[in-house]
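Heads up: numbering here begins at 1 and tracks the sequence.
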Amino acid sequence: MQSKQGRQSHEKRRYAIVATTDSKHKFPVTPNLLKQDFNVKEPNKVWMADITYISTSEGWLYLASVMDL
């Protein structure tokens, strides 16, 4: 993005983007039962989870989250 004074910012990428998911596997795929409908009327009916990794000064750490929608 360039400012009115002609200055421009540059962001340096800290690491290369690496694909960590193999979508072309031959394992069975679980059906999408929610179909993006996240409006749940009562607790303890729909749970979601995700896992990711974060670069820290100590190295890569994993973050796992579980939530009752």
Side-chain angles (χ1 to χ4, degrees):
M1 182 173 166
Q2 193 164 356
S3 71
K4 292 180 183 178
Q5 294 83 16
R7 295 185 183 123
Q8 190 169 356
S9 65
H10 297 278
E11 290 186 25
K12 189 174 183 180
R13 194 176 271 184
R14 290 178 33 195
Y15 53 89
I17 297 174
V18 178
T20 58
T21 302
D22 177 12
S23 300
K24 297 180 181 179
H25 56 75
K26 295 181 180 178
F27 299 108
V29 177
T30 304
N32 182 357
L33 300 177
L34 282 181
K35 297 185 169 87
Q36 306 300 13
D37 180 15
F38 300 110
N39 297 313
V40 183
K41 307 240 186 291
E42 56 187 287
N44 207 25
K45 293 291 180 183
V46 177
W47 290 78
M48 57 84 50
D50 194 20
I51 187 168
T52 189
Y53 53 96
I54 303 168
S55 176
T56 70
S57 60
E58 297 179 11
W60 289 99
L61 298 178
Y62 290 91
L63 172 67
S65 61
V66 180
M67 183 171 31
D68 181 1
L69 296 178

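Residues meeting the ring-ring contact (aromatic ring centres under 6.0 Å, His included) test with Phe27, sequence neighbours left out: His25. Taking the side-chain contact (heavy atoms from CB on, under 4.5 Å) definition, one finds that Leu33 meets it with Pro31, sequence neighbours left out. Applying the side-chain contact (heavy atoms from CB on, under 4.5 Å) test to Ile54 and every residue at least two apart in sequence or in another chain returns Thr56, Leu63. Partners of Phe38 according to the side-chain contact (heavy atoms from CB on, under 4.5 Å) rule, which considers only residues two or more places apart in sequence or in another chain, are Leu34, Gln36, Leu69.
Through chains of ILVMFWY side-chain contacts below 4.5 Å, Val66 is grouped with Trp47. In the hydrophobic clustering, where aliphatic and aromatic side chains (Ile, Leu, Val, Met, Phe, Trp, Tyr) are joined below 4.5 Å either directly or transitively, Val29 stands alone.
A chain of hydrophobic side-chain contacts below 4.5 Å, direct or via other Ile, Leu, Val, Met, Phe, Trp or Tyr residues, connects Trp60 to Tyr62.
Asp68 and Val46 make their closest contact through OD1-O, 3.2 Å (heavy atoms, listed as atom of the first residue, atom of the second, distance).
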